[in-house]
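Here is the structure we will look at, set down as structure tokens.
Sequence lines set the chain letters: A, B, ... in the order given, protein chains first and strands last, and positions in each chain run from 1.
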Number of protein chains: 2
Amino acid sequence: MNKGRVTVIDIARAAGVSKSTVSLVLQASPLVNEVTRAKVNATIRELGYVYNRGAANLRQSASSRIIGIIVNDLTNSFFAELAVGMDMVMQSAGYVQFLSNSAESVDRQREVIASMREHGIAGLIFSPARGTEAADLKPLVASGIPVVAVVRNVVGAKVSTLFSDNYAGAKDAVRHLIALGHRRIAFLGGISNTTVFTERVQGWREALAEGGLEGPNSLVIATTASRAGGVAAIERALLLPEPPTAALCFNDAAAFGVCDGLRAAGKEPGRDFGVVGFDDVIEAETAVPALTTVSVDPQGMGRRAAQLLLKQINAGRVEPEAIVSSVRLVVRQSCGAGSSDKTRRISA
Amino acid sequence: MNKGRVTVIDIARAAGVSKSTVSLVLQASPLVNEVTRAKVNATIRELGYVYNRGAANLRQSASSRIIGIIVNDLTNSFFAELAVGMDMVMQSAGYVQFLSNSAESVDRQREVIASMREHGIAGLIFSPARGTEAADLKPLVASGIPVVAVVRNVVGAKVSTLFSDNYAGAKDAVRHLIALGHRRIAFLGGISNTTVFTERVQGWREALAEGGLEGPNSLVIATTASRAGGVAAIERALLLPEPPTAALCFNDAAAFGVCDGLRAAGKEPGRDFGVVGFDDVIEAETAVPALTTVSVDPQGMGRRAAQLLLKQINAGRVEPEAIVSSVRLVVRQSCGAGSSDKTRRISA
DNA sequence: GCAGTTAATTGGATCGTTCCAAATTTGTCA
DNA sequence: TGACAAATTTGGAACGATCCAATTAACTGC
């Protein structure tokens, strides 16, 4: 009996109707009589039938209810949260996702995209690996499959985008540090030749200028966007002739590293040095000291990206759309302001 | 021209051969003449043909090169790393994965499994959501699809399993703390009614007994398996009449929380209190102090789980297999031993 | 030059579903 | 009761690939 899968034809035979009727029942069509419907449904349960979406998608009209998601680094909790947000809305919209990690490799990314395409995805959301070119997306876009790029952009690609407002976020953060009395404020961590980095440094620089302060390049210390990168950056910063008294960090991971490095140097973050992160990952709230950071709400961003993609899939025709997701500064302890009182929020 | 996708028939017509020949070329069959092969391949590139795996999988023999992965909490970096490990081997084996987050909900997990099944996965790897029952997997297993449960087990389910050696790992960790001179060693964090928790507490208890020490229930403080849970646990531990001087934590996240809590109480982890974690997530190495922890190597575990699943898929017939992945204690600073010298490794 | 191989190629038929047009049943009303 | 409409049901013919058996083309060796 277990030989071969159960198909609509088996159901039809067992229920004494035609396969067409079974198909109508499967699609919950109002055309079919209640009695018949009940009988067919009973048989379906009885025989343990499983719908074969692959077969259904074969007919040219159908679009597949599968989407692709590729992130550049799933081990980074920012991207993991992003993926979780997407997963949530995709799941409740009745979609399944191919979810892959490009690990920052354009080759792997290309392979994954090709593979997903062969499997017939209805759309793609991805945070591009460093070095992604418009050409990598060309065929996908040309075939009319909606694509949403998140977090990072791909120059020249005709795809929808969803970025956070890096410039405004960095500016607000630095303004806050200036308001707290800091005069030498560094920018620590991150990889320099990326758009995100450039935008955040730009915000940092303009806020300093606005406050009549200097923003020399020596205060911008690029390393990597990780905890280890944060440690390295603060170590170098403290060796400067005129060391900073506060820093905006490229992201939360780097900010945690900066806190680690400060402690290793005998300084207490928040009290002896103002630290501000970027992203607002979950641990930011529970860390000690709680991290003051620019909240990007990665899950929310993931959800918005997913909704955007679904909208485009349903719309049929793809009209690239660029969304900038606003951010807000969440003041906690690490900047030296929130001291004892509970988390306070400043709208950006 | 963009109306409808390009199919083997289009290629065949354009290249002046039959669709069967095109099919043979696609499968790199040695039967076809080199000249013909070149001509067909050229036409394929020229027309921008994309292979339709859905159609190919329709034929009963074919198995799908899609597998399913479900994790209970992707925002936890342990599971994110696990997923990345799986992704790596699946990708190089030419598979794509549906990867979903059950968020600890058995209902969502059930839905996702059903959906994946309809899409024709060749196998499933998952870390069961709390409360998963054997019945949830019954239909999948009955249809002969290999299933591998990782990290947590599902009582009564006939599936393959891959767990880390929680018992031995906990025992080694506590032995090490005893060797460092600690006499009151707590077990902090985690959710009490889980197998993993029970096994680790068991190891803790036996190591204490072995060292002639007491292991009262008051020293086992269950909260949650998170950073916040660690903070809460150490707070309660320090209020005990006879507070502990060291602790084995349920996992690294909790251990970081314990460090945070210690600092908030004016104690320096490593110097004033021995802290040992469990998992060895990436941040464990770069944290300050570097975390002494039982290394589970989540990525490696993910890779092994993926290899096990692939083996079963290729084997055809499914014979459930139980693998216990060995662990080893990685001594760093947080336990008070590694003090100044670099990370030292003790094999378990 | 021809039988006997070997190498290459090729029409169906098939996988499990959907969809259309046509057929059947049921219901309504004069 | 018969004509007509509405409600249900139903055979095929797709969809895009694979695979088998059968055909055709290209080589042997004598």
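- Judged by distance alone, with hydrogens and angles left aside, the side-chain atoms of B:Q299 form no donor-acceptor pair with the main-chain N or O of B:V84 at under 3.5 Å.
- As rounded to whole Å, 6 Å separates atom C1' of C:dC15 from atom CZ of B:R59.
- Across all strands shown, A:S23 has heavy atoms under 4.0 Å from base atoms, whether or not it also approaches the sugar-phosphate.
- In this structure, A:N57 places its CG atom 12 Å from P of C:dT17, rounding to the nearest Å.
- Checked against side chain to side chain donor-acceptor pair (under 3.5 Å), A:T21 has the following partners two or more places apart in sequence or in another chain: A:S18.
- Contact check for A:E133 versus A:K138: no side-chain heavy atoms found under the 4.5 Å cut-off.
- The shortest distance between the side-chain N/O atoms of A:R5 and the OP1/OP2 oxygens of C:dG16 is below 4.0 Å.
- Rounding to whole angstrom units, CZ of residue B:R53 and C1' of D:dT18 are separated by 14 Å.
- One can place CD1 of A:I9 at 8 Å from P of C:dT17, the figure rounded to the nearest angstrom.
- Residue A:L26 contributes atom CG, which lies 8 Å from atom P of C:dT17 at whole-angstrom precision.
- Considering only residues two or more places apart in sequence or on other chains, A:K158 meets the salt bridge (charged side-chain N to carboxylate O under 4.0 Å, His left out) condition with none of them.
- Under the side chain to side chain donor-acceptor pair (under 3.5 Å) criterion, A:S23 pairs with A:Q27, sequence neighbours left out.
- When the side-chain nitrogen and oxygen atoms of B:Q27 are compared with OP1 and OP2 of D:dA17, none of them lie within a distance under 4.0 Å.
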Name the pairs: protein N/O against N/O of nucleotides 25-28 of chain D, kept only if under 3.5 Å.
none

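- Of the residues listed (B:T43, B:N41, B:T36), the one engaging B:V25 in a side-chain contact (heavy atoms from CB on, under 4.5 Å) is B:N41, and it is the only one.
- Pairs engaging residues 105-160 of chain B under the ring pair (Phe, Tyr, Trp, His ring centres under 6.0 Å) rule: B:F98-B:H119 [sequence neighbours left out].
- Applying the salt bridge (charged side-chain N to carboxylate O under 4.0 Å, His left out) rule to A:R110 yields the partners A:D107, A:D136; only residues at least two apart in sequence or on another chain are considered.
- As a whole-Å value, the separation of B:L58 CG from D:dT18 P is 11 Å.
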What nitrogen or oxygen pairs link the protein and nucleotides 8-12 of chain D at under 3.5 Å?
unit_1: D:dT9; atom_1: OP1; unit_2: A:T36; atom_2: OG1; d: 2.5
unit_1: D:dT9; atom_1: OP2; unit_2: A:N33; atom_2: N; d: 3.1
unit_1: D:dT10; atom_1: OP2; unit_2: A:S18; atom_2: N; d: 2.9
unit_1: D:dT10; atom_1: OP2; unit_2: A:S18; atom_2: OG; d: 3.4
unit_1: D:dT10; atom_1: OP2; unit_2: A:T21; atom_2: OG1; d: 2.8
unit_1: D:dG11; atom_1: N7; unit_2: A:S20; atom_2: OG; d: 3.1
unit_1: D:dG11; atom_1: O6; unit_2: A:S20; atom_2: OG; d: 2.7
unit_1: D:dG12; atom_1: N7; unit_2: A:K19; atom_2: NZ; d: 3.0
unit_1: D:dG12; atom_1: O6; unit_2: A:K19; atom_2: NZ; d: 2.8

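- Scanning for salt bridge (charged side-chain N to carboxylate O under 4.0 Å, His left out) contacts around A:E118 gives B:R53, with sequence neighbours left out.
- Taking 4.0 Å as the cut-off between side-chain N and carboxylate O, A:E321 and A:R304 do not count as a salt-bridged pair.
- Atom OH of A:Y51 and atom P of C:dT17 are 8 Å apart (whole Å).
- When all heavy atoms of B:D10 and B:R5 are compared, the pair lying nearest together is OD2-O, 3.6 Å.
- Applying the salt bridge (charged side-chain N to carboxylate O under 4.0 Å, His left out) rule to A:D73 yields no partners; only residues at least two apart in sequence or on another chain are considered.
- Listed by chain and number, the residues in a side-chain contact (heavy atoms from CB on, under 4.5 Å) with B:V324 are B:D165 (sequence neighbours excluded).
- Less than 4.0 Å separates DNA chain D from no heavy atom of any residue of residues 112-122 of chain A.
- Among B:T194, B:T161, B:T132, B:T195, the single residue meeting the side chain to side chain donor-acceptor pair (under 3.5 Å) criterion with B:N153 is B:T195.
- For the segment residues 37-50 of chain B, no residue has any heavy atom less than 4.0 angstrom from an atom of DNA chain C.
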